[in-house]
Novice: 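Sharing a structure below in structure tokens format, with a few things to ask.
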Amino acid sequence: IEKSIITDWIYEINKPIFFCVLVLIAVGLFISLTINPGTSRYINNNLFSYFNIQALYLLFGFIIFILFSFINYERISNISIIMFVILIVILFLTLIYGVEIKGSKRWINLKYITIMPIELIKPFYCIVLAAILNNPSLRNSFRNYALSFSVYALIAAILVFQPDISQLFLVSAIYFSSIFMSGFSIIVLASIIFIGGVFFVFIYLFNFNVQNRINSFLAPNDYDATQTELSLQAIKQGGLIGVGPGNGVLKNKIPEANSDYIFSVIAEEYGLLGCLIILTIFFIISYQGFRKIYSSNNHFIQISLFTLIIYFCLQALIHIGVNIRLLPTTGITLPFISYGGSSVIGMSITCGLILLLSKNRHS
């Protein structure tokens, strides 16, 4: 029986997506060996400690990635709802018991590990929205939009109070994507865009951190934009083929080089060719996912896959956009490559769900 399950799994999975995720994990592991941990606040100047910690995250993430791709498709909605409820409670607890870093309570300290709940919530949130919008008892009525908006508003409220506006933007993009794929009406779409626009203007006016990031992006000469300037210098220094693994200088100058600015490290050490390889991997995953969406007749799969892929690729694009100064600083990580356990696990769940829903047998 086990042999049959594994054989079926090998036959059914989308192999380009599977191998692309493996490549991203391998790149993340290799990059962690060349980063100088002396700039990181997480560990004490030990290269192999840094490498071992990230290797542990990636190994655990790989196991989760595989396990989620084996889940029974019919149970995925129930599992996601249960996990979503548990994680929402943990996310709320960050407001009370959260560890405050740089004025924001985004992390929960569990003694031996620190987790960022929103990173784990997002993949389940995609499935929960699809389940709501595809619910036969709610479909084609205003109730599915009302319930899905209520779920979104709950997460958004917690993120505003933390505050974590970058993650709020991603959660909003996931919500908009699910509405887009559900067969929305023009009135619903216009209302969401209007409310969202007003909400983000309000946040800009009353949140100093958001103001500072946007203003420094629009007028870098009037603010401290050292990290962004160093990032651009590193990219220029890399040229076509880079300065070689471990030879970059950016990682020695920016405290968040191992997370927020990891793409610039790649650009400096591996050049334009290294960057294009990374971008190609994300393109293949999105292309394969969208092919499945187009060929599927299952509305739940269409909504789920669309939101998961939009979230996965949008996070990568935002990270890259910050590194090349197309976007203000956000703190968004590059999937599987940036340092961080919560990010790796969250992305492993996301890709496991993508692999599950893109199997050949689902139609």
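One-based numbering along the sequence shown.
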Novice: How about S343 and T333: does a side-chain donor come under 3.5 Å of a side-chain acceptor?
Specialist: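 Judged by distance alone, the side chains do pair up.
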
Novice: With a 4.5 Å limit on heavy-atom distance, are the side chains of I284 and F19 in contact?
Specialist: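 I284 does not reach F19 side chain to side chain.
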
Novice: Which distance, rounded to the nearest 0.5 Å, do you find between the CD1 of I127 and the OG1 of T350?
Specialist: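 I127 CD1 to T350 OG1: 9.0 Å, rounded to 0.5 Å.
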
Novice: Please report the C-alpha distance between L129 and F84 in whole Å, then the side-chain angles of each, then the deciding distance to 0.1 Å, and finally whether the side-chain contact (heavy atoms from CB on, under 4.5 Å) criterion is met.
Specialist: CA-CA 11 Å; L129 284 176; F84 179 78; over 6 Å; no

Novice: Can you find a heavy atom in the side chain of L230 that is under 4.5 Å from one in the side chain of Q233?
Specialist: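 L230 reaches Q233 side chain to side chain.
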
Novice: Check for a donor-acceptor pair, side chain of K15 on one end and backbone N or O of I10 on the other, with a separation under 3.5 Å.
Specialist: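 A pair under 3.5 Å: yes.
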
Novice: On a heavy-atom basis, which atom in M181 and which in I293 lie closest, and how many Å separate them?
Specialist: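 The answer is CE-CG2, 3.9 Å.
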
Novice: Are a donor atom and an acceptor atom from the side chains of S231 and S264 found within less than 3.5 Å of each other?
Specialist: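 A pair is found: one side chain offers a donor N or O, the other an acceptor, under 3.5 Å apart.
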
Novice: Donor-acceptor pair, S304 side chain versus F300 backbone, under 3.5 Å?
Specialist: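 A pair under 3.5 Å: yes.
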
Novice: Please state whether the rings of F68 and F124 are parallel, tilted or perpendicular, taking 30° and 60° as the class boundaries.
Specialist: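 The rings of F68 and F124 sit tilted, inter-plane angle from 30° to 60°.
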
Novice: Let me confirm one number: the CG-CG distance from L334 to L317, rounded to the nearest 0.5 Å.
Specialist: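 The CG atom of L334 sits 10.0 Å away from the CG atom of L317.
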
Novice: Would you find a donor on one side and an acceptor on the other, under 3.5 Å apart, between the side chain of E269 and the backbone of G248?
Specialist: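 At least one qualifying donor-acceptor pair exists.
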
Novice: Between I266 and I337, does the side-chain contact (heavy atoms from CB on, under 4.5 Å) criterion hold? Intermediate values first, please.
Specialist: CA-CA 10 Å; I266 294 171; I337 299 177; 3.9 Å; yes

Novice: Do Y261 and T329 have side chains that get closer than 4.5 Å, going by heavy atoms?
Specialist: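 Touching, per the 4.5 Å side-chain cut-off.
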
Novice: Check L87 against L120 and note the closest heavy-atom contact, atom names and distance.
Specialist: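 In terms of heavy atoms, the two residues are closest at CD1-O, 3.6 Å.
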
Novice: Tell me whether S104 contacts the main-chain N or O of P163 through its side chain, where contact means a donor paired with an acceptor under 3.5 Å.
Specialist: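 Confirmed, S104 side chain pairs with P163 backbone.
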
Novice: Main chain of V243, side chain of E268: is a donor-acceptor contact present, judged purely on distance under 3.5 Å?
Specialist: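 No; judged by distance alone, with no hydrogens or angles, the pair does not exist.
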
Novice: Between L314 and F169, what is the shortest heavy-atom contact and its length?
Specialist: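 For L314 and F169, the tightest heavy-atom pair comes out as CD2-CE2, 4.3 Å.
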
Novice: Quick check: does any side chain N or O of Q302 sit under 3.5 Å from a backbone N or O of S296, one acting as donor and the other as acceptor?
Specialist: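 Flag set: sc Q302 to bb S296 pair under 3.5 Å.
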
Novice: Taking atom CD1 of I241 as the centre, report whether more than 12 heavy atoms of other residues, nucleotides or ligands fall under 6.0 Å from it.
Specialist: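 No, the 6.0 Å shell around CD1 holds no more than 12 heavy atoms from other groups.
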
Novice: I'd like to know whether L29 forms a side-chain contact (heavy atoms from CB on, under 4.5 Å) with L33, so could you lay out the CA-CA distance, the side-chain angles of the two residues, the decisive distance to 0.1 Å, and finally the verdict.
Specialist: CA-CA 7 Å; L29 189 63; L33 190 57; over 6 Å; no

Novice: Less than 6.0 angstrom separating the ring centers of Y175 and Y125, yes or no?
Specialist: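 Ring-ring flag for Y175/Y125: false, centres at least 6.0 Å apart.
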
Novice: Do you know which two heavy atoms are closest between L305 and K292, and how far apart they sit?
Specialist: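 Scanning both residues, the minimum pair turns out to be CD1-CG, 3.5 Å.
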
Novice: For I179, does its backbone N or O pair with a side-chain atom of S182 as donor and acceptor, under 3.5 Å?
Specialist: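 Looks like yes, one N/O pair under 3.5 Å.
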
Novice: Do I90 and I115 come within less than 4.5 Å of each other through their side chains, counting heavy atoms only?
Specialist: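 With C-beta onward as the side chain, the pair touches.
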
Novice: Can you tell if the side chain of S358 reaches within under 4.5 Å of the side chain of Q288, non-hydrogen atoms only?
Specialist: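 Not touching, per the 4.5 Å side-chain cut-off.
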
Novice: Quick check against the 3.5 Å criterion: does N14 have a side-chain atom that pairs as donor or acceptor with the backbone of G289?
Specialist: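 Not confirmed, N14 side chain does not pair with G289 backbone.
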
Novice: Quick check: do I64 and I345 have side-chain heavy atoms less than 4.5 Å from each other?
Specialist: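 With C-beta onward as the side chain, the pair touches.
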
Novice: Measure the CG-CD distance between L356 and E12 for me, rounded to the nearest 0.5 Å.
Specialist: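 One finds 10.0 Å between CG of L356 and CD of E12.
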
Novice: Between L355 and V21, does a side-chain contact (heavy atoms from CB on, under 4.5 Å) hold up when you go through it step by step?
Specialist: CA-CA 10 Å; L355 197 61; V21 173; over 6 Å; no

Novice: About how many Å separate CD1 of I31 and CD1 of I278, when rounded to the nearest 0.5 Å?
Specialist: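 These two atoms lie 7.0 Å from each other.
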
Novice: Are the side chains of I66 and F18 in contact, using a 4.5 Å heavy-atom criterion?
Specialist: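 SC-SC contact between F18 and I66 confirmed.
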
Novice: Which heavy atom in I155 sits nearest to a heavy atom in I88, and how many Å separate them?
Specialist: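 That closest heavy-atom pairing would be CG1-CD1, 3.6 Å.
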
Novice: Judged by atom type as modelled, is there a donor-acceptor pair below 3.5 Å linking the side chain of T94 to the main-chain atoms of L91?
Specialist: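 Checking the backbone N and O of L91 against the side chain of T94, a donor-acceptor pair under 3.5 Å is found.
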
Novice: Quick one: CG on N135 to OG on S77, what's the gap to the nearest 0.5 Å?
Specialist: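 Result: 9.5 Å between the selected atoms.
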
Novice: Look at the rings of F312 and F282 and say which category their plane angle falls in: under 30° parallel, 30 to 60° tilted, over 60° perpendicular.
Specialist: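 Because their plane-to-plane angle lies in the 30° to 60° range, the rings of F312 and F282 count as tilted.
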
Novice: Got a sec, which pairs hit salt bridge (charged side-chain N to carboxylate O under 4.0 Å, His left out) with one end in residues 156-180, sequence neighbours left out?
Specialist: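 Non-adjacent pairs meeting salt bridge (charged side-chain N to carboxylate O under 4.0 Å, His left out): R106-D164.
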
Novice: Please check if the side chain of K122 supplies one atom and the backbone of M347 the other of a donor-acceptor pair under 3.5 Å.
Specialist: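 The answer is no, because no donor-acceptor pair under 3.5 Å joins these two groups.
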
Novice: Using 30° and 60° as the class limits, which term best fits the ring planes of Y287 and F283: parallel, tilted or perpendicular?
Specialist: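 Ring orientation of Y287 relative to F283: parallel.
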
Novice: Is there side-chain contact between L168 and Q162, with at least one heavy-atom pair below 4.5 Å?
Specialist: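 With C-beta onward as the side chain, the pair stays apart.
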
Novice: Where do V344 and S338 come nearest, in terms of heavy atoms and distance?
Specialist: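 Distance-wise, the nearest heavy atoms are CG2-O, 4.4 Å.
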
Novice: Just by distance, no angles: are the side chains of S172 and Y152 close enough, under 3.5 Å, to form a donor-acceptor pair?
Specialist: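 The answer is yes; a qualifying pair exists.
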
Novice: Taking side chain to side chain contact (heavy atoms under 4.5 Å, CB included) as the definition, give me every residue that meets it alongside I310, ordered by chain and number, with sequence neighbours left out.
Specialist: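 So I310 forms a side chain to side chain contact (heavy atoms under 4.5 Å, CB included) with S177, F290, F306.
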
